[in-house]
Each structure stands twice: as structure tokens, then as C-alpha cells.
Amino acid sequence: MNKLKLINFKAFEDSLAIALDNRKNLLLYGENGAGKSSIYEALKVIFFKARLESQLSALTPEDLEQKRNELWSSYDNKITSQAFNLEINDTDHHTFDRTPYQVFLISIEELSIGDRISLQTLLKTFFFDIPDIPGFCNREFQRIQDLVNASLTTFQETVQIEIDNQDAFTLRIIDPRKHIETKTGIRKYFNEAKLNLILLLVLLNAIDISKDSARHKILVLDDFITSLDASNRTFLIKDIFAKFQDSQILILTHNVSFYNLIMFMVRTSVTNHEHWAFANLYEINNAHKLYIKSEIERSKKIKADYEALPLPQATFDIENIGNRIRKKFETLLYEYSKLLMIGAVEESKKILERLSQGKPVYFKYEKNASDLVDTIEAALADPNDFNIKARLQAMIDEYKLAEFANFRTILKELKLYQKVTMHPMSHGVDGINTFTTKEIANSITILEKMEGYLKDIVDSDVSVV
């Protein structure tokens, strides 16, 4: 899958396109409500349309057609009056050939645990492209059992499983240290994290065994390890990387720590890490936006293009640079908002707060407040103290950048700003003022500073994969 486009589908009032050139793997972060689950549902509609329709039941053909229409209209965005459409690899989903693809979807919402776990029921519940599930279970239950137990041992878990092929392939969970051995009432004896780990290992090993080498394989994981212990998350991600090197992997999550963990593991332990795309999905004023980090230009590129403009600069060129600054600033704000969720940024938050409150921020072209302090100290050390007050004030004024009306407007407009500055602001601003040439230069300085903070914090520039 190289490209996916959603139009008027569920959360998306407009359209959203995800480009994954050369079937790249995808790690996507999006808050709850940003549209992440809509992407998951879109893949379900594209690859499992027949199964979704097969779940409908009616007494007459007319009733069945009515239910079919209701099913598909339920995916329409509720704001727009237009029917949804989906495109995959620039082909309408109605005519897209699914035959060459083998797809497996796992979502935490479907990972429900009852009093017992049946392998056969489990595989029928999830949207897996496994033909003849009863036959598959009968052939492979012992192999799945052995692989799951091997993984549990690797994960340093004390529990083991047995799959009873005489009882609908029900799992018996055994903990010899606690003298527990049961197929029923499992939630009484084992916590959710341990049961979810067992379920995921069963599912992933079943998928691995069922893979068809002649087809393109896609594994989609939506917030699938939220309830797992932190140590098991690392083990499971490594297991997925090892088992599914032949598959295109799409991981969707709203958990910042999990997103950062996977990104770190990809960059440090995956040989073809360049085959991964790291993306962020967010919503501002009911508009959904997605950016892939490698596609966001760096501040120095904006700066170079601005400095290369002919003088006097044409209005169009200034507006173009201004729009690129707004896009970059919005991206940086979103990255900061994620870091603030885990308490990573303090100095940058103060900068944004001062901008929003109309207070000056102390920068000079390619300099900052530390350089200002050095300048003041040098002046105080000078034996010539004539008119020292006025001289110091002049030095401070050189660094005082107070004309950031555009940034303040953007901050107020961005819904993200509520998290960045930790208090609510008005989001009802209409329009954004035109940038001036002076503000362009100062804005680029701010962008470079913010980008530098992010690089120091995460040890990787926000614009570089």
C-alpha cells in the first residue's frame, strides 16, 4: 500500500491523504478524537467490505438492502452532506483489487476478555484474512501453543498456556508458582496486562503462521499495547519487528511514550529504519492535518530562501515565506505539546507564554538572552560608566522582540495552544495578519531556537527522520 486517501469519511469533514512511498511502514501518533480510529475503520472498509456486509441479516431482500445502505452511510462524515469515498493507491475502493493483499487488523477496542479464551472464537472476532479458521485451528493449535509459550518464557513470564482442541480450542492458563490451572474464570486469577499479553501473543503467532508468501501482507495495530507492562512492551515490539519483516506494518497510537519508544527502537535496532515513516495526526478548528516528519522542512531552509529573496522583496514572496513559517511553527507547537505531556519542556513553554501575553522575548539575530547577559556584564566591567543606565537600556532594547502579533494570533487560533501553555485561550480568531519583513526575520530566529530545543531534548531534529 503506497497511498491512502479518505474523503468525508467519519471524522474527516474534508480529505486526508497518507503517502507511504514504496510500501513504507508507518508509525502514527494522534490524540483521541484526532481521527486515528477513522483511518483504522477505513482500512477495514477497504479490505473487509464483504465481511462487513455478510454480518447483516434481514427477512427480505428489501430489508437487507436498507441495512446495507445504513451500514455504509454510517461511515459518512456527519457535518458534510456528501457520501464518503476512499482511495487506495489512487484507485477507488469500489474497484480496488484486494486479491493480492493479506491484511490483519488488531485494535485494543476489539481485544475484550471474557471468562474464557477460545482460539477459534478469537480469530473469528478479529479482521484477519485467514481462510477456513476451524481448519487452521485444527492444523496449527499445537504450533501456536509452543510459540506462545516460548515467547512467554523469553518475556520472563511464569505462566504458560495449553490449547484444548477437544473444547473449541479453549486456552488453559497455567501458573505453577501460584498453583493455578484454569480455562474458565480467568479474570479472577490473572490481571488485565497478563491476559492481554497472552492474547496478543496468540494473535501475532497465528498471523505469522497464516501468512501467504505470494501476497502483500499488511499488519495494522491500533493502540494495541496500552494496558501492557512497560517491560513487556519492549519485548513485544522486538518480537513484531522480527516476525513481520516481510510485511508492511502500520502502528497507530495515542500514547506519546509508546510512540517515542517505537521510534527509538526503529532507529536503533531496525536495519532498514529508513523504510519507516513517522507521522502525526492532529485537529485544529475542525480541520484534520497530518504531517510526516521527513517532509517538514527545516528552519534553516526557510531562512536560506528568505535571505535569497531579491530586494526589495515582492509581496508574494514574503507571503510565501510567511505561510511556510506558519506551517513550521504549527508543527513545532504540536511537537512541544507532545513533549509537555511527559513534562519534557519548560523553557520553551515560557517563551510561548510570554508571546501570548504580549511580553517581549529576548532574542537578536542568531543570538539569545545569554548573549545579552554577556553584553551587559562586559558593559558593567568597562571602567567608563558614563550614562550607564541609558547604555544598558539600549543594549536590552536590541534584544527585545515585542512585535509578534502574528505569532500571538496563531497561538490563539491553534487548539494545541491550550496544552502548550497549560491554560485555555480564545480559538475564534478570524484570519491571520500579513507578515512584515521585520517579523519574518525575527520569526525565523524564533523557529531556529525552538527547533534547537527539540533537537537537544529528543536528540533528533523534529524535521529529520
Side-chain angles (χ1 to χ4, degrees), residues 1-20 23 26 28 35-78 80-112 120-134 136 203 206-207 210-212 214-224 247-252 288:
M1 183 173 68
N2 294 323
K3 188 176 181 181
L4 177 66
K5 188 174 184 180
L6 295 77
I7 306 167
N8 302 319
F9 185 85
K10 289 183 75 68
F12 302 107
E13 182 179 352
D14 42 15
S15 65
L16 181 84
I18 306 174
L20 298 170
R23 298 197 183 105
L26 174 69
L28 184 144
K36 175 173 54 60
S37 295
S38 295
I39 296 173
Y40 182 86
E41 289 297 318
L43 293 169
K44 188 183 294 184
V45 169
I46 291 171
F47 290 105
F48 294 94
K49 178 182 178 181
R51 175 174 166 180
L52 289 169
E53 289 189 339
S54 69
Q55 294 174 347
L56 302 174
S57 61
L59 296 176
T60 66
E62 291 77 15
D63 288 342
L64 182 61
E65 183 63 23
Q66 176 65 26
K67 287 192 175 183
R68 187 180 290 113
N69 291 335
E70 291 174 354
L71 168 66
W72 299 125
S73 64
S74 69
Y75 292 101
D76 294 339
N77 178 268
K78 302 310 176 186
T80 179
S81 58
Q82 298 179 347
F84 80 86
N85 191 29
L86 299 170
E87 295 178 6
I88 180 167
N89 297 348
D90 294 317
T91 303
D92 188 284
H93 75 285
H94 292 295
T95 57
F96 178 72
D97 183 10
R98 303 161 181 79
T99 307
Y101 293 85
Q102 187 181 24
V103 180
F104 307 94
L105 305 176
I106 298 179
S107 170
I108 190 65
E109 293 184 359
E110 296 163 345
L111 202 65
S112 59
Q120 183 169 293
T121 302
L122 198 60
L123 296 182
K124 287 182 177 180
T125 299
F126 284 84
F127 285 80
F128 289 175
D129 189 354
I130 301 178
D132 184 20
I133 288 177
F136 174 80
L203 292 171
I207 292 171
S210 71
K211 287 186 298 187
D212 184 345
R215 302 167 73 190
H216 303 305
K217 292 162 285 295
I218 300 176
L219 174 64
V220 185
L221 306 169
D222 181 20
D223 272 333
F224 67 110
S247 307
Q248 184 177 26
I249 305 172
L250 280 65
I251 300 177
L252 318 177
H288 292 82

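Values reported hereafter were calculated over all heavy atoms of this structure, with side chains retained and with hydrogens, waters and symmetry mates removed. Because the structure is a prediction, the values reported are computed rather than measured.
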**OP:** Keeping the roles fixed (side chain from Ser38, backbone from Ala11), state whether a donor-acceptor pair exists under 3.5 Å.
**Re:** yes
Subject >> Inter-residue atom distance Ile46.CD1 - Leu86.CG, 0.5 Å rounding >> reply: 5.0 Å
**OP:** Go through the structure and list residues passing salt bridge (Lys or Arg N to Asp or Glu O under 4.0 Å) with Lys211, not counting sequence neighbours.
**Re:** Asp208, Asp246
Original post:
What residues, two or more places apart in sequence or in another chain, satisfy side chain to side chain contact (heavy atoms under 4.5 Å, CB included) together with Asp132?
Top reply: Pro134, Arg139
**OP:** Would you check if the side chain of Asn2 reaches a backbone N or O of Arg23 as a donor-acceptor pair within less than 3.5 Å?
**Re:** yes
Subject >> salt bridge (Lys or Arg N to Asp or Glu O under 4.0 Å) partners of residues 95-104, not counting sequence neighbours, each pair once >> reply: none
Subject >> Check against salt bridge (charged side-chain N to carboxylate O under 4.0 Å, His left out), Lys36 and Asp223 >> reply: CA-CA 10 Å; Lys36 175 173 54 60; Asp223 272 333; 3.0 Å; yes
Original post:
Do you know the tightest heavy-atom contact between Leu6 and Ile39?
Top reply: CD2-CA, 4.1 Å
Original post:
Quick one: side-chain hydrogen bond (donor to acceptor under 3.5 Å, both in side chains) partners of Gln82, sequence neighbours excluded?
Top reply: Asn8
Original post:
Listed by chain and number, what are the side chain to side chain contact (heavy atoms under 4.5 Å, CB included) partners of Glu62, not counting sequence neighbours?
Top reply: Thr60
Subject >> Test salt bridge (Lys or Arg N to Asp or Glu O under 4.0 Å) applied to Lys124 - qualifying residues, sequence neighbours left out >> reply: none
Original post:
With a 4.5 Å limit on heavy-atom distance, are the side chains of Ile249 and Leu26 in contact?
Top reply: no
**OP:** Apply side chain to side chain contact (heavy atoms under 4.5 Å, CB included) to Glu87 and list each qualifying residue two or more places apart in sequence or on a separate chain.
**Re:** Lys5, Ile7, Asn85
Original post:
Heavy-atom distance under 4.5 Å between the side chains of Ile218 and Leu250, does that happen here?
Top reply: yes
**OP:** Taking side-chain hydrogen bond (donor to acceptor under 3.5 Å, both in side chains) as the test, write out the residues that go with Glu109, two or more places apart.
**Re:** none
Original post:
With sequence neighbours excluded, what pairs up with Phe104 under the ring pair (Phe, Tyr, Trp, His ring centres under 6.0 Å) test?
Top reply: Phe128
Original post:
His93 and Phe9: aromatic ring centres closer than 6.0 Å?
Top reply: no
Original post:
Taking only residues two or more places apart in sequence, or in another chain, which ones meet Phe48 in a ring pair (Phe, Tyr, Trp, His ring centres under 6.0 Å)?
Top reply: Phe127
Subject >> Nearest-0.5 Å distance, CG of residue Asn69 to OG of residue Ser74 >> reply: 11.0 Å
Original post:
Asn89 side chain to Thr91 main-chain N or O, any donor-acceptor pair under 3.5 Å?
Top reply: no
**OP:** If a pair satisfies salt bridge (Lys or Arg N to Asp or Glu O under 4.0 Å) and one of its residues is in residues 41-60, list it, with sequence neighbours excluded.
**Re:** Glu41-Lys44, Lys44-Glu110, Glu53-Arg68
Subject >> Salt-bridge present (Asp212, Lys217; N to O < 4.0 Å) >> reply: no
Original post:
Do Ser210 and Gln102 touch side chain to side chain, with heavy atoms closer than 4.5 Å?
Top reply: yes
**OP:** Not counting sequence neighbours, which residues clear ring pair (Phe, Tyr, Trp, His ring centres under 6.0 Å) with Phe96? List them please.
**Re:** Tyr101
